[in-house]
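Here's the structure, in structure tokens; my notes come after.
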Amino acid sequence: MPLGAASSLRLPKIAWKTGTSYGRRDAWSIGYNREYTIGVWVGNFSGQGSPALTGADVATPLLFDLFNALAYNSPNKWFAPPATLDFRLVCAETGLVPGENCPNQIIDYFLPTVSSGQRCQHQREVLVAADGGFTYCRACAPAAGFRRELYPNLLPEVAAYKEAQGIPYRRLPPHNPNANWYALMRSGPPVLPLLPPTPSTFLTAAKSNSCCSVAQPQRSTPGVLVR
């Protein structure tokens, strides 16, 4: 609630949502009731951000003032909930259906067959060395001596923005520097032919999707590239 909202005892009954864009360039607050739908935007036409520009602190008080001016001391009639309205657990951070890495969950309304069933992926489990210095993938993780931790699953553009703006966030430690060595020890050395290849045979490495996989040789004919 914005400052001073508790004193608005005759404020019309409304539902509202706030929003603040990256860089605090835009402050939004949109509300509605049975009679009105109002949207408030606060910002600079040049797009320049301001540290004080947030939807809750700047736009929402204006939204409340507008509703007070239009429907002060109104009877506050509200919408009847749909008969199919039900409850479910959602991730407290995103409001989505909890994923396997959502420890904080709350109960919320939803409409079966209408509300989104997308599962939350805002965090991911990472295997971290005991000293926290680097991470492991599944291919190079040792049998013991690591711990499982949850890290923000940020989009690359969001992480880049935080880096550029100096916004603190939990950075992922670098990957295990000995990853290829661990993979080689686990898989064993690749089997190579005992005799040199004939002039019509070339040895090429097979592409792998694992960051720690050891490439295995394949045979191909001249002029054919094996990917």
Checklist line | Over-ring placement of R171 relative to Y169, 6.0 Å and 45° cut-offs | finding: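 Yes; both conditions hold, so R171 lies above the ring face of Y169.
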
Check: Could R34 and F79 be counted as a cation-pi pair, given that NZ or CZ must be under 6.0 Å from the ring centre and within 45° of the axis?
Finding: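 The answer is yes; both the distance and angle limits are met.
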
Next item on the list: Show your reasoning for whether side chain to side chain contact (heavy atoms under 4.5 Å, CB included) applies to I38 and I30.
Entry: CA-CA 6 Å; I38 302 176; I30 298 178; over 6 Å; no

Check: Take atom CD in E100; do more than 12 heavy atoms of anything else shown fall under 6.0 Å from it?
Finding: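 Open.
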
Note to self: Are there over 12 heavy-atom neighbours, none belonging to Y161, within less than 6.0 Å of that residue's OH?
What the structure shows: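 More than 12 heavy atoms, drawn from other residues, nucleotides or ligands, come within 6.0 Å of this atom.
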
Provide the closest heavy-atom pair for [X] versus [Y] in the form atom of the first, atom of the second, distance.
X: R24; Y: L53; value: O-CD2, 3.3 Å
X: S116; Y: V97; value: O-CG2, 4.2 Å
X: H122; Y: N101; value: CE1-O, 4.1 Å
X: A129; Y: R147; value: O-NH1, 3.4 Å
X: P103; Y: L150; value: CD-CD1, 4.2 Å
X: L127; Y: A141; value: CD1-CB, 3.8 Å

Check: Run the side chain to side chain contact (heavy atoms under 4.5 Å, CB included) check on D86 and R88 step by step: do they pass?
Finding: CA-CA 7 Å; D86 206 345; R88 68 179 179 185; over 6 Å; no

Evaluate the side-chain proximity of [Y] to [X]: yes if any heavy-atom separation is below 4.5 Å, no if none is.
X: N104; Y: E93; result: yes
X: Q123; Y: E149; result: no
X: N76; Y: P12; result: yes
X: Y151; Y: V128; result: yes
X: Y36; Y: S74; result: no
X: I14; Y: F64; result: yes
X: L96; Y: V90; result: no
X: L111; Y: P82; result: yes

Next item on the list: Would you mind checking if E125 and R138 are paired as a salt bridge, meaning a charged N to carboxylate O distance below 4.0 Å?
Entry: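 Salt bridge: yes.
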
Checklist line | Non-neighbouring partners of E35 that pass salt bridge (charged side-chain N to carboxylate O under 4.0 Å, His left out), sequence neighbours left out | finding: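 E35 satisfies salt bridge (charged side-chain N to carboxylate O under 4.0 Å, His left out) with no residue once adjacent residues are dropped.
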
Between [X] and [Y] (side chain of the first, backbone of the second, donor and acceptor by atom type, cut-off under 3.5 Å), is there such a pair?
X: S21; Y: R25; answer: yes
X: T20; Y: G55; answer: yes
X: N44; Y: Q48; answer: yes
X: N153; Y: Q121; answer: yes

Next item on the list: Calculate, to the nearest 0.5 Å, the distance between atoms NE2 and SG belonging to H175 and C137 respectively.
Entry: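 So the NE2 of H175 and the SG of C137 are separated by 3.5 Å.
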
Check: In Å and rounded to the nearest 0.5 Å, what is the CH2 to OG1 distance from W28 to T54?
Finding: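 Rounded to the nearest 0.5 Å, the CH2-OG1 separation comes to 15.0 Å.
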
Next item on the list: For the pair Y22 and V158, evaluate side chain to side chain contact (heavy atoms under 4.5 Å, CB included) and give the outcome as yes or no after the intermediate values.
Entry: CA-CA 9 Å; Y22 290 123; V158 175; 3.7 Å; yes

Next item on the list: For this output row, return yes or no: ring centroids of Y32 and W16 closer than 6.0 angstrom.
Entry: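 So the answer is no for these two rings.
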
Check: Are Y109 and F87 near enough that their ring centres are under 6.0 Å apart?
Finding: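 Yes, close enough.
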
Item checked: D26 side chain to W41 side chain, donor-acceptor N/O pair below 3.5 angstrom ->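 Side-chain D/A pair, D26 to W41: present.
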
Flag yes if [X] and [Y] sit in one hydrophobic cluster, no otherwise; membership is Ile, Leu, Val, Met, Phe, Trp, Tyr, and two members link when side-chain heavy atoms are under 4.5 Å apart.
X: L172; Y: L155; answer: no
X: V58; Y: V40; answer: yes
X: V42; Y: L63; answer: yes

Item checked: CA sep, side-chain torsions, deciding dist, call: K17, S29, side chain to side chain contact (heavy atoms under 4.5 Å, CB included) -> CA-CA 6 Å; K17 179 69 177 72; S29 190; over 6 Å; no

